[in-house]
Structures are given as structure tokens and as C-alpha cells.
Amino acid sequence: MRVATWNVNSVKQRVPRLLPWLDQRQPDVVCLQETKLTDVAFTELLGAQLAERGYEVALAGQAQWNGVAILSRVGLDDVVVGVEGAPGFPDPEARAVAATCGGVRVHSLYVPNGREPDSDHYRYKLSWLAALRDVVKAGPGEAMLCGDMNIAPTDADVFDPAAYVGQTHVTAPERAALTELQALGLHDVVRERWPSERVFTYWDYRAGMFHQDLGMRIDLMLASAPVAGRVAAAWVDRHARKGTGPSDHAPVIVDLDEAPDGDIGPVVPPPSSRGPRKGVKLPQAK
DNA sequence: ATGTCAAAAAGGTTTTGA
């Protein structure tokens, strides 16, 4: 099962990049953030084209800002919009949707930006993360938190730690909130796969930042242990940040091996019942 | 020039958010 997350920075503007990307990468589950559309407008824009590709869609949108979605072609059950108990700013914002897809509780998350440390928006971010932790804690054991966390977990996740001192995304309270979330048993599967590589998911549009690879890793896929143990690949699709009309974020893609209990998808028959493969010479009986 | 992009209200540009 291939799961991806992508902050598209307006799904309306990104249609010419999103549809070819779906066709090329063939993700089974896609978490989108910053769709910036109401659910009605999203469905009018993409409903038919996603259905054609076999995706069911769970939406938590609003006009103009924010907006998240989950696309799935491996089932989409028990959809929950929002984070129970989370604050608004001051009204609730469209920042979370969860669904069970292929046996995994998938969360598409757009964590508040925080703007300035110690601002109202920053406090909102921290409260929102605390509420998210409580929801995940009460949830099932097979879970993936996917999305734009607006936090760089460590200094290795920003191009120049000195340039970010005193700015949001890197402060100790934000990192502590992320650590508390991960303390529920979640694995940062991209960092675990690439422990000492330069890996970014976001590059500012300005000043040729992408071209110089001056970015941040703020889009994360956090998997509970049973899911993390199935990770076959985990990577950032930098190609999607190139070319004409990209988002300022690249997608993150994680491939999961089949669940060990085999309740995901069709059971492959054992080799003995499948007969010889083409081109394989069997010993001849005499 | 915060070397850009996107949305919306206004307005043919400015404000807000990232």
C-alpha cells in the first residue's frame, strides 16, 4: 500500500500537477493539505476525475484558507472531520480529517503555522497539537499521521539553523509538542529511513530556494510501530517541486508491505500451488 | 524589494497568509 501526503497550496491551482502525479505515482492513499476550497467546490472541481481513478474522497474544507482531504482507493471508512477538543482561531478551522484506509487509521493534518513565537496563533498551534495527541492516544494501534506539521523536528531539518533562531517551526515548545505526540509510539519513518541525509519537503518560492536546496522538513509521516514495521520505502518526491506551477511543498511517499495477518488485500497463493514460472527449468523425471 | 504565490475584496492594486 502506497501512502502519500502533499501540501498542494491550493488544489485549484494544482490540478495540472496533481492529476498527472496521481497517474505517475499511483498512490493508494493521498493526504492533501491547503486545498483552500469548500467541500462543494472541491467535489465540483475534482470529484469526477478522482472517481475515474478509483478514489473515494473524505473532505474537510473551507473557503479561501486551510482545507484537508484524504483520497483512497483501498477503502475509506469511519471518516472523522476535525480534532475533537481542538481550539479554533477563534472559530474551528479545516485542518484535520481522519479515515480508516486499508486497515490503517490515516490522519491528514494541517497544523497551524504559529506565525510568531508567543503570539495568539502560536499558542493556538500548541493547544491544537495537545488536542491532537489526545485523539491519537485514544485511537487504534495502526495509525499514520500525515501532513504539514509546521514544525522542523530537529536542526537537521532546516537548511540553516542559525537563520531560524527565534522563529516559529523550530522553537523548543513546538518541538516538545511534536515529541509528546511521537511519545505515543509514532515513528518518523522518513527520518528513520534517511538518518543523516539532507531531506527537505518545503522550499520558499522566493530567492531560488529550491534551486539551492535551502528548505525545511516540515511535512511528516508518523507511523505507529505496527505500521512503521511494514515500511518498505519512504521518500520525498522532489520531482513534483520542479517545473511549472509547483506547490512550495513536495509530496512525501511511503510504501507499506502487506500487513502480516494478511487481512489487507487478496491473499497470494503459496508458490507450490502456482505452478512453475515461465522460463524456469524444472528437473526432469527419468 | 521578504528575489513568490494564492485568495479575496476591491479595482485594474492592495491586503492577508504562508
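Bear in mind the structure is a predicted one, so any value in this text is a computation, not a measurement. Naming convention: chains lettered A, B, ... in sequence-line order (proteins, then strands); numbering from 1 in each chain. The figures that follow rest on heavy atoms only: side chains count, while hydrogens, waters and symmetry mates do not.
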Would you check, one step at a time, whether the test salt bridge (charged side-chain N to carboxylate O under 4.0 Å, His left out) holds for A:Asp134 with A:Lys137?
-> CA-CA 5 Å; A:Asp134 293 342; A:Lys137 188 175 185 175; 6.0 Å; no
Could you work out the separation of B:dG17 and B:dG12 based on their C1' atoms and round it to a whole Å?
-> 22 Å
Spell out protein contact along nucleotides 13-18 of chain B as letters: B when the base is contacted, S when just the sugar-phosphate is, - when no protein heavy atom is under 4.0 Å; keep the 5' to 3' order.
-> ---BSS
Quick one: A:Gln33 CD to B:dA6 P, roughly how many Å, whole number?
-> 17 Å
Is the ring centre of A:Tyr164 less than 6.0 Å from the ring centre of A:His169?
-> no
Are side-chain heavy atoms of A:Arg241 and A:Asp248 found at a separation under 4.5 Å?
-> yes
Just checking, is any N or O donor in the side chain of A:Trp21 or A:Asp237 under 3.5 Å from an acceptor N or O on the other one?
-> yes
Considering only atom P, compute the distance from B:dT14 to B:dA10 and round it to an integer number of Å.
-> 15 Å
For nucleotides 9-11 of chain B, print each protein N/O atom paired with a nucleotide N/O atom at under 3.5 Å, atom names and distance only.
none

Span that lies between the P atom of B:dA1 and that of B:dA7, in whole angstrom | 28 Å
Check the pair A:Asp28, A:Arg73 against salt bridge (charged side-chain N to carboxylate O under 4.0 Å, His left out), reporting the backbone distance first and the verdict last.
-> CA-CA 5 Å; A:Asp28 297 302; A:Arg73 56 183 196 188; 3.0 Å; yes
Toward the 5' end of DNA chain B, by each residue's nearest nucleotide, A:Gly208 or A:Lys12 | A:Gly208
A:Arg217/A:Asp188 under salt bridge (charged side-chain N to carboxylate O under 4.0 Å, His left out): CA gap, chis, key distance, verdict = CA-CA 11 Å; A:Arg217 192 174 70 93; A:Asp188 178 350; 2.8 Å; yes
Given side chains that start at C-beta, do those of A:Leu129 and A:Ile151 come closer than 4.5 Å, heavy atoms only?
-> yes
For B:dT15 versus B:dG11, give the span between their C1' atoms, rounded off to a whole number of Å.
-> 13 Å
For A:Glu84, does the CD atom have more than 12 heavy-atom neighbours from other residues, nucleotides or ligands under 6.0 Å away?
-> no
Roughly how far apart, to the nearest Å, are B:dG3 and B:dA9 at atom P?
-> 28 Å
Going by heavy atoms closer than 4.0 Å, what residues in residues 157-175 of chain A are next to DNA chain B?
-> none
Any side-chain donor near an acceptor of the partner, A:Glu34 and A:Asn9, under 3.5 Å | no
Does A:Ser10 make a side-chain N or O approach to OP1 or OP2 of B:dC5 shorter than 4.0 Å?
-> no
Does a side-chain heavy-atom distance below 4.5 Å link A:Asp120 with A:Tyr124?
-> no
side-chain hydrogen bond (donor to acceptor under 3.5 Å, both in side chains) with A:Thr168: of A:His121, A:Arg115, A:Glu116, A:Glu174, only one passes, and it is A:Glu174
